[in-house]
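Being a predicted model, the structure only gives us computed values, none of them experimental. For reference, positions follow the sequence shown, starting with 1.
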Amino acid sequence: MKNKDNNRNKYSLEEKIIKLQLKNKLQSSNLYLEHLYTKIKFYQKQLDMLTENKPLIFQKIKLKNYHQKTKEYDDIIKETYKKIDEEFKIIYEINKQIKN
């Protein structure tokens, strides 16, 4: 009888530890999401500043640099949104495991 109780307590303790680790991972994911959102805001501001100071058509070199920078910032923003999507998938899976 004691052996069954020990096993039950052992599994219960293991389950609690696993759930605690999952909750910890969930918190880390939320912090990472905040970081990604901040990164998007930053590059969006950079794009806004570039747009405000867009060179004139006859300024070929500056215009070329402008287009390179806007493409670079757009790519970074797109990649960051992909990372956010992946992180949401991870959070969803973690939540499923915590509820089980």
Is the shortest side-chain heavy-atom distance between [X] and [Y] below 4.5 Å?
X: Glu14; Y: Ile17; result: no
X: Leu22; Y: Asn95; result: no
X: Phe58; Y: Leu63; result: no
X: Lys60; Y: Lys64; result: no

- For the pair Gln21 and Ile18, evaluate side-chain contact (heavy atoms from CB on, under 4.5 Å) and give the outcome as yes or no after the intermediate values. CA-CA 5 Å; Gln21 290 295 331; Ile18 291 171; 5.7 Å; no
Can you measure from [atom1] ([X]) to [atom2] ([Y]) and round to the nearest 0.5 angstrom?
X: Lys83; Y: Tyr32; atom1: NZ; atom2: OH; value: 4.5 Å
X: Ile91; Y: Lys89; atom1: CD1; atom2: NZ; value: 13.0 Å
X: Ile84; Y: Ser29; atom1: CD1; atom2: OG; value: 12.5 Å

Ignoring hydrogens and angles, write down the donor-acceptor pairs under 3.5 Å from the side chains of residues 44-56, residues two or more places apart or on other chains.
{"residue": "Thr51", "atom": "OG1", "partner": "Leu47", "partner atom": "O", "Å": "2.8"}
{"residue": "Asn53", "atom": "ND2", "partner": "Met49", "partner atom": "O", "Å": "3.3"}

- Item | Verdict with reasoning, Lys19 to Gln97, per side-chain contact (heavy atoms from CB on, under 4.5 Å) | CA-CA 8 Å; Lys19 285 188 178 189; Gln97 295 298 322; over 6 Å; no
- Carefully, step by step, assess Thr70 and Tyr73 under the rule side-chain contact (heavy atoms from CB on, under 4.5 Å). CA-CA 5 Å; Thr70 53; Tyr73 294 161; 5.8 Å; no
- Crowding at CD1, Ile61 (>12 non-hydrogen neighbours, <6.0 Å):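 At most 12 heavy atoms, drawn from other residues, nucleotides or ligands, come within 6.0 Å of this atom.
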- After noting the C-alpha distance and the side-chain angles of Ile90 and Leu26, does the key distance pass the side-chain contact (heavy atoms from CB on, under 4.5 Å) rule? CA-CA 9 Å; Ile90 291 171; Leu26 189 61; over 6 Å; no
Side-chain donor-acceptor contacts of residues 74-82 below 3.5 Å, not counting sequence neighbours, with atom names and distances?
{"residue": "Asp75", "atom": "OD2", "partner": "Lys71", "partner atom": "NZ", "Å": "2.9"}
{"residue": "Thr80", "atom": "OG1", "partner": "Ile76", "partner atom": "O", "Å": "2.7"}

- Stepwise, does the salt bridge (charged side-chain N to carboxylate O under 4.0 Å, His left out) test hold for Glu93 with Lys96? CA-CA 5 Å; Glu93 290 299 320; Lys96 269 184 18 182; 3.7 Å; yes
